[in-house]
There are 2 protein chains.
Amino acid sequence: MKVSTKLKYGLKLLIYLGANQEGNITLKEVAEKENISVKYLEQIVTILRPLQILNSTRGNNGGYALSKHPKEISLFDIFNTLEGNFFEMNCVELPGSCTSSGICPTRDLWVDMRQLYVGYLKEKTIQDLVKKYKGRKQNEYSNLSRP
Amino acid sequence: MKVSTKLKYGLKLLIYLGANQEGNITLKEVAEKENISVKYLEQIVTILRPLQILNSTRGNNGGYALSKHPKEISLFDIFNTLEGNFFEMNCVELPGSCTSSGICPTRDLWVDMRQLYVGYLKEKTIQDLVKKYKGRKQNEYSNLSRP
DNA sequence: TATAATCATACCAAACAAGTAGGAATAGTA
DNA sequence: TACTATTCCTACTTGTTTGGTATGATTATA
């Protein structure tokens, strides 16, 4: 039960775009700053496409930008898209797939745990993460400026 | 991000043992009732051994029993043992494994989400699940007894 | 001695994760 | 027009993990 790199990198990409909203940002730039391969980022962008949160410009001087304000981008959507069905349990999503689901005492457990994360993620947006990102950057710089 | 069968079956095993505390229960019995292979259950039992929640008796008429009261068996321990490190993130468990962890805005996210689950699981015990199991069985029987 | 159970370990096939690779389409620039 | 930098598309590869099977030893009872 680990978090995939697609989700981790996808979040980093979106935070980067959210924190740098002037003009287009190339995947190359993100790749260098976040230490990810461009090719892998391209794949991640493809997966994110259906969410319609990215504007892309092709060709020279092209790149990406968020098409919505970061506070409109819910982490729940990102998780669901990049992590398959996050915390998916067949007996929860597909009732009937487990013959004992009627009397299965663990089923409620999965429902509860899923609800726990859904509740959390639906409250959070990319904007929350961008704020932290900027705060951290700020601190980093001020630390560096000290002797 | 799915829950492994080891964890699912392990829970079912422990619930079964918790609900049937008279004498030894063989893996064969659990396997038949819960529709799992005996050999696979043997593996799961091996993984659970370090937790010291099981008494085993070898030989003919042998079997397993819980060595603690179900309410003393925390789901958190079961999850951690059967699911590797549940919701593990290197950057959280092994600070320094991620070069950017100092300014990484997603790290807090993983910490929060992990805490959400840990908090939930530490409160819950096998006893909670056993109760539901027995309640369900009860209902099932009373339903069957109706015309 | 036969049988029924746990215990120990090795093996295996399929799925998945994490990326690489090659190239086509597009658009600005010299 | 040719060059370059980018997104877009799709296939491939490689290693790890999952979900088991298989074989057999050990132990205890009848």
Side-chain angles (χ1 to χ4, degrees), chain A residues 1-13 17 23-32 34-50 52-67 79 81-90 97-98, chain B residues 1-13 17 23-32 34-67 81-90 97-98:
Chain A
M1 189 109 185
K2 284 189 178 179
V3 172
S4 72
T5 55
K6 285 209 172 81
L7 175 54
K8 293 190 218 171
Y9 297 166
L11 285 172
K12 289 192 172 189
L13 165 70
L17 293 179
N24 288 327
I25 307 288
T26 65
L27 292 187
K28 194 183 171 201
E29 177 179 342
V30 180
E32 281 165 1
E34 300 291 347
N35 224 24
I36 311 170
S37 108
V38 173
K39 285 297 185 182
Y40 201 33
L41 276 178
E42 287 180 0
Q43 272 189 43
I44 293 169
V45 159
T46 302
I47 302 171
L48 287 173
R49 183 150 313 136
Q52 306 195 41
I53 55 178
L54 292 175
N55 272 335
S56 69
T57 318
R58 300 180 69 169
N60 202 349
N61 294 338
Y64 289 91
L66 296 182
S67 66
F79 272 62
T81 302
L82 287 178
E83 195 72 44
N85 232 341
F86 194 68
F87 215 105
E88 173 184 45
M89 291 294 303
N90 279 343
S97 63
C98 170
Chain B
M1 189 108 186
K2 284 190 180 181
V3 173
S4 72
T5 55
K6 286 213 171 77
L7 175 54
K8 293 190 218 171
Y9 296 166
L11 285 173
K12 289 192 172 189
L13 166 69
L17 293 179
N24 288 326
I25 306 288
T26 65
L27 293 187
K28 194 183 172 202
E29 176 179 343
V30 180
E32 281 166 0
E34 299 291 347
N35 225 25
I36 311 170
S37 109
V38 173
K39 286 299 184 184
Y40 201 35
L41 276 178
E42 289 180 359
Q43 271 188 45
I44 292 171
V45 159
T46 302
I47 302 171
L48 287 173
R49 183 150 312 138
L51 286 182
Q52 306 194 39
I53 55 178
L54 291 176
N55 272 334
S56 69
T57 317
R58 299 180 69 168
N60 200 348
N61 292 339
Y64 289 91
L66 297 183
S67 66
T81 303
L82 288 178
E83 194 73 42
N85 231 341
F86 195 71
F87 216 106
E88 173 184 46
M89 291 294 302
N90 278 343
S97 63
C98 170

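Naming convention: chains lettered A, B, ... in sequence-line order (proteins, then strands); numbering from 1 in each chain.
Atom-to-atom, NZ of A:Lys2 to C1' of D:dT17 comes out at 10 Å; the value is rounded to the nearest Å. D:dT7 atom C1' lies 13 Å from atom CG of A:Asn61, rounded to whole Å. The interatomic distance linking A:Leu54 (CG) with D:dT7 (P) rounds to 11 Å, in whole Å. With rounding to whole Å, A:Tyr40 atom OH is found 14 Å from D:dT13 atom C1'. Atom CG of A:Asn55 and atom P of D:dT6 are 18 Å apart (whole Å). Atom-to-atom, CG of B:Leu41 to P of D:dG19 comes out at 14 Å; the value is rounded to the nearest Å. Remark: P of D:dT17 and CG of B:Leu7 are 18 Å apart, rounded to the nearest angstrom. As rounded to whole Å, 11 Å separates atom P of D:dT21 from atom CD1 of B:Ile44.
Scored by the side-chain hydrogen bond (donor to acceptor under 3.5 Å, both in side chains) test, B:Glu32 finds no partners at all (sequence neighbours excluded). Taking the side-chain contact (heavy atoms from CB on, under 4.5 Å) definition, one finds that B:Ser4 meets it with B:Lys6, B:Leu7, B:Glu83, sequence neighbours left out.
For B:Thr5, no side-chain nitrogen or oxygen approaches OP1 or OP2 of D:dT18 to under 4.0 Å. A sub-4.0 Å separation between OP1 or OP2 of D:dC9 and a side-chain N or O of A:Arg49 is present.
Residues A:Leu13 and A:Leu27 meet the side-chain proximity criterion, which asks for heavy atoms closer than 4.5 Å. Side-chain contact check for A:Leu54 versus A:Leu66: some heavy-atom pair is nearer than 4.5 Å.
Taking for each of B:Glu83 and B:Thr57 the nucleotide of DNA chain D with the nearest heavy atom, the 5'-most of the two is the partner of B:Glu83. Annotation: of the two residues near DNA chain C, A:Lys6 and B:Lys28, the 5′-most nearest-nucleotide partner is B:Lys28. Closest-nucleotide positions on DNA chain C for A:Gly59 and B:Thr26 were compared, and the one nearer the 5' end corresponds to B:Thr26.
Considering all non-hydrogen atoms of both residues, A:Ser37 and A:Ala31 come closest at C-CB, 4.3 Å.
Looking at B:Ile25, B:Leu48, B:Val45, B:Asn24 one by one, the single match for side chain to side chain contact (heavy atoms under 4.5 Å, CB included) with B:Tyr64 turns out to be B:Val45.
Below the 3.5 angstrom threshold, one finds a donor paired with an acceptor across the side chain of B:Gln43 and the base of D:dT21. At a cut-off of 3.5 angstrom, counting only N and O atoms as typed in the model, there is a donor on one side and an acceptor on the other between the side-chain of B:Lys39 and the base of D:dG24. In the interface, the side chain of B:Arg58 is paired with the base of D:dT26 through a donor and an acceptor atom under 3.5 Å apart.
With a heavy-atom cut-off of 4.0 Å to chain A, the contacted part of DNA chain C has its first and last nucleotide at C:dA18 to C:dT29.
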Quiz item: Step by step, would you call A:Lys8 with A:Val3 a side-chain contact (heavy atoms from CB on, under 4.5 Å)?
Solution: CA-CA 7 Å; A:Lys8 293 190 218 171; A:Val3 172; 4.0 Å; yes
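Here B:Thr46 lies out of heavy-atom contact (under 4.0 Å) with every strand.
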